[in-house]
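All heavy atoms count here, side chains included; hydrogens, waters and symmetry mates do not. As the structure is a computational prediction, the values presented were derived from the model and not from experiment.
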Amino acid sequence: MLYSRLTHRFLLGIVAIVAAIVIAFYIYSVPFIKSTVFGIERNASHIALNNVFELANKMQAGTAEYQAQVLASNRERLRAIIDTATFFFQEQLSLLIESGIEPALAKEQVLQQIKKLKYGEDDYLWVANTDYQLISHPDPAFQGKNTRDMLDEQGNAIMPSVIEAAIKEGEGFYKYRWSRLNDDELIEKFSYVKYFPEWSLVFGSGVYIDDIEAEVKNRREAALEELRQAFDEIKIAETGYLFIFNEKGKMLVHPNNNIDGVDFRALKNPVTNRDIMRDLINVADTGKELYYKWDRPSDPGNYRYEKVSLVRFLPGFNWYICSSVYLDELQASSKLLADRILTIALIALIVASLLAIVFVYHITRPLRHLSETAHRISNGELNVTTDIHRKDEIGVLARAFDRMVDQLSQNIKELDNQVNKRTSQLSKRNRQLSIAMQQVQDTTHNLQLMEERQRLILDTLPAQIAYIDEHQRYVFVNQGYADAFNLSKDEIIDRFLWDVIGQDMYQEIRPHVLSALNGATNSFEYTMQLQGYTRITKRTLIPFCPAPQFGSATVHGMINLSIDITAEREAEERLQIAQRMNTVGQLAGGLAHDFNNLLTILQGNLQSIEHNPNTPPSLMSNIQPAIRAIKRGANITSRLLSFARRQPLRATAVNLPLLMDDFVSLMKGSLPNDINLVLSLDASLATPWCDSGQLEDAMVNLVLNARDAMKDKGTITVVAKNRTVTDGLYFDEEVRPGQYVEITIKDEGTGFSDLAISRAFDPFFTTQQTTNSSGLGLSMVYGFVKQSNGYIALANHIDGAFVSLLLPVASALPNKNMPSQTSACDQGGLALLVDDEDDVRSLVREQLIRLGYSVVESSTADEAINLLGSIPNIGLVVSDVVMPGQHDGYQLAKHIAQQIPNCRVVLMSGFPQRHGNEALEYCVLQKPFTQNDLLVAIQQAVKHR
């Protein structure tokens, strides 16, 4: 028998194993290799497309930056042109006037010269007066023409709104439609316009938008040419390529000259029978490829070859960048590789089978003899040998088998002795092992308790704590960290950092993470959404480097410690807002004081002209509007004083229910019939301590603002209630604990915008598109509330907006020690006039003289005090409050009350410097004032002397 059953089994087993390996390799490897190679080829086209897209995107960003630079350059150029022209105008006008030419004629001559100034290709300067008339323009069709008569295609005036805006704002950049010189077509123009009040002229110059766009278009064409050159160097598979078309269907770049630059909207996709342009646009930036059939260069017109395209959209240029490659070219490499692998596997199977036959026969024959010898030994024949003499491993095995049989008999005897001895040793070792296992269990239990205590401590800390290994994988997080991302701790452990916090947050903090993993501790602030609220956190990343005894000193990970600092940042922001409002208030108060002095001079001189019998009647129609304008300016400065908290208040305990009844009666006539005013008061309403008149003005302002915000019918609700404040309440600033009366005005209007909420209390800020709004309404309310030691808050609710005022409760009525009243005295006598402004002094002196007084003047309170001791019979002192020197108007009034008790004192002020009892004890005449106001103040001064 040539082959035994062992030989057959061995041979069949080897062949089966080799065949199974070949088949398994083919089944599991070849499809994967084909898919991988196909994916590599496919990704190569994707990478080429993405690289070109990034290049185009950078070009687009560069073009946008270039466009911004061009616009900024034109802004500076236009400013420089206007500045040069106005400098030329001023210098030439001065020279002509100095040479003896009349100012009007000199002005006309200079304007004729400016009309000839040009720059660029056909850019020019124009000048208009405050009557909207073009008094200098290079085009004779526009020279001297009123801009109200220059209309666009829809019949709307073009220039008046621009000139009006420049007069109101002083200067600015504006866009409007205008024609070029010697051309009637209206095109977009970008102009810089500036108003010069000293000449009552508006200068303007501009550039045409299409000139700017031409520069940008040239830049875009250059970018397209760079892409065309880059496409020539890109190869996808064997014949694949890239191409670009725009949203209008024009092929911008294509390697086929027959298609490049043409409109291809009419080309159809043979697969869907739709416009192939529309199919390409539909898959843009979706990550999907468009499958379609097309012809080959070698087989034109035969649209049966499968192709795939990937499309990216570049919004800045409105380009669609596409890759195009034949599907069989992508699959060719994978098919060739699979065929070669299959051929190699079949050859290996045949060779392995032949070698297995030879090897098995050579191995199994001596093994069969060894098995027979082993069978005899197993039957007790310990003196038999194998009689196999070979120099290979089987020979070594046979010799070892013979020696083993020889030693077997000797070892059997020793085995019994060794077993008994080893049994005793194993028993002892088992007892030691049992003790060691118990110690390990105790240690493990203690470690678990320690870990639980540490976990409990870390979970209760008001911070987010996490440990992340060097691969940026979470190893530990506390409960605060898990809650921040709305996950459980088990859902975070073993996940990567970017999987938990998201790609957006990861990209922002990635530099800090890498720095910590490189061994540097760093801290930074990060704003995130936590439990539905925006929170500001301070995050510290600490690298973890084990001590040398625990291994290498390299970084093994990092510890994240995050603390919520939102309250701290909000407190800083509120402090900044309070400081800003205080600074603006100081500025507003100073401006109001100086402006009131100017208005006093203007009003007095205008009234002197008005009462002068020699004044021509033709001027009287101009004087009255000027006086009304001065009174309106005085009203604005009064509001500024309220905002600056320098308006004199007469605080009293206010009977709020009575004031509210009067207020409702007052407002009924000011509200439309479709708007209801509802009043809600607490039954036992406390008494606030404030100026009742200012409170009523503030409520009128707020209700009228609510009326303007309600375009349709609705309800305005005024609620007054008591409120006890403890710690932690914020209105415009943190509210001091105490007893208050809260007054809330709610409307059903459009609500406050974010800009209005942030700037509502700024002076002159308004959202009303009317010329009658000064922007001081809410500023006045704010100043009155803060001057009354109160607080204000405004916000939106579901149906509109509300404003809440907190006013302190009057704990007791103050005792005002008012001087005794005397009867009015006769006019006339000697009066002392004190003011540091010469023009104000001159004006008030004339008013006093017309009232029958002889007047002695002084420029400071210090000088007036010296005059009082040397001039007898002074019966009246009229003094400003704020003056240079050691004494002000109040101190002068105190000195007069001590030295000359029967002398009357009238104080004048743009704003009083003190708001306590001093402001109430004296008659304060607010600037500007008329002669009649001065007379009334002198008569009232009797009550205060």
In this structure, CD of Glu508 is separated from CD of Gln503 (nearest 0.5 Å) by 12.0 Å
Asp564: side chain to side chain donor-acceptor pair (under 3.5 Å) partners, not counting sequence neighbours
Arg535, Thr566
Regarding Gln472 and Tyr506, is there a side-chain donor-to-acceptor distance under 3.5 Å anywhere?
yes
Calculate, to the nearest 0.5 Å, the distance between atoms CD1 and CZ belonging to Ile187 and Arg180 respectively.
4.0 Å
For Lys250, check side chain to side chain contact (heavy atoms under 4.5 Å, CB included) against everything at least two apart and list the hits.
Asn246, Leu252
Could you tell me which residues satisfy side chain to side chain contact (heavy atoms under 4.5 Å, CB included) with Tyr305, sequence neighbours excluded, listed by chain and number?
Arg296, Asp299, Tyr326
Residue set satisfying ring-ring contact (aromatic ring centres under 6.0 Å, His included) with Phe544, at least two apart, ordered chain then number -> Tyr467
Would you be so kind as to tabulate the donor-acceptor pairs closer than 3.5 Å made by side chains of residues 494-502, with sequence neighbours excluded?
unit_1: Arg495; atom_1: NH1; unit_2: Glu491; atom_2: O; d: 3.2
unit_1: Arg495; atom_1: NH2; unit_2: Asp499; atom_2: O; d: 3.1

Val262 backbone acceptor or donor facing His254 side chain under 3.5 Å:
no
Looking at side-chain heavy atoms only, is the closest gap between Met528 and Thr537 below 4.5 Å?
yes
Provide the full list of ring-ring contact (aromatic ring centres under 6.0 Å, His included) pairs with a residue in residues 262-290, sequence neighbours left out, each pair given once.
Phe245-Phe264
To the nearest 0.5 Å, tell me how far Arg77 CZ sits from Ser205 OG.
8.0 Å
Quick check: do Phe524 and Lys538 have side-chain heavy atoms less than 4.5 Å from each other?
no
Ignoring hydrogens and angles, tell me if any N or O in the side chain of Arg177 forms a donor-acceptor pair with the backbone of Leu186 under 3.5 Å.
yes
Kindly say whether Gly800 contributes a backbone atom to a donor-acceptor pair with the side chain of Asp747 at under 3.5 angstrom?
no
With sequence neighbours excluded, what pairs up with Asp152 under the side chain to side chain donor-acceptor pair (under 3.5 Å) test?
none
Once rounded to the nearest 0.5 Å, what's the spacing between atom CD1 of Ile468 and atom CD of Glu470?
12.0 Å
Non-hydrogen side-chain atoms of Ile244 and Tyr320 separated by less than 4.5 Å
no
Name all residues meeting the ring-ring contact (aromatic ring centres under 6.0 Å, His included) criterion together with Phe173; count only those two or more places apart in sequence or in a different chain, and write none if there are none.
Phe190, Tyr192
Under 6.0 Å from the CG atom of Asn156, do we count more than 12 heavy atoms belonging to anything else shown?
yes
Ile321 side, atom CD1; Leu280 side, atom CG - distance, nearest 0.5 Å
13.0 Å
Could you tell me if the side chain of Leu541 sits less than 4.5 Å from the side chain of Val513, heavy atoms only?
yes
Taking side chain to side chain donor-acceptor pair (under 3.5 Å) as the definition, give me every residue that meets it alongside Thr540, ordered by chain and number, with sequence neighbours left out.
Ser523
List the residues meeting side chain to side chain contact (heavy atoms under 4.5 Å, CB included) with Asn269, not counting sequence neighbours, and say none if there are none.
Val271, Thr272, Ile276, Asp279, Leu290, Tyr292
Would the distance check show the side chain of Asn522 and the main-chain N or O of Ala520 forming a donor-acceptor pair, the cut-off being under 3.5 Å?
yes
Looking at Ser309 and Ser323, would you say the former's side chain and the latter's main chain have a donor-acceptor pair under 3.5 Å?
yes
Would you please name every residue forming a side chain to side chain donor-acceptor pair (under 3.5 Å) with Asn796, sequence neighbours left out?
none
Lys268 backbone acceptor or donor facing Asp275 side chain under 3.5 Å:
no
For Tyr474, all residues meeting ring-ring contact (aromatic ring centres under 6.0 Å, His included), sequence neighbours excluded:
Tyr481
Drop me the distance from Ser179's OG to Ile158's CD1, to the nearest 0.5 angstrom.
8.0 Å
Taking atom types as modelled, find out whether Tyr176 and Ser191 have a side-chain donor-acceptor pair closer than 3.5 angstrom.
yes
Verify side-chain contact (heavy atoms from CB on, under 4.5 Å) between Arg539 and Leu561, making sure each step is shown before the conclusion.
CA-CA 6 Å; Arg539 296 179 173 268; Leu561 176 62; over 6 Å; no
Close side-chain approach of Glu289 and Val283, heavy atoms under 4.5 Å
no
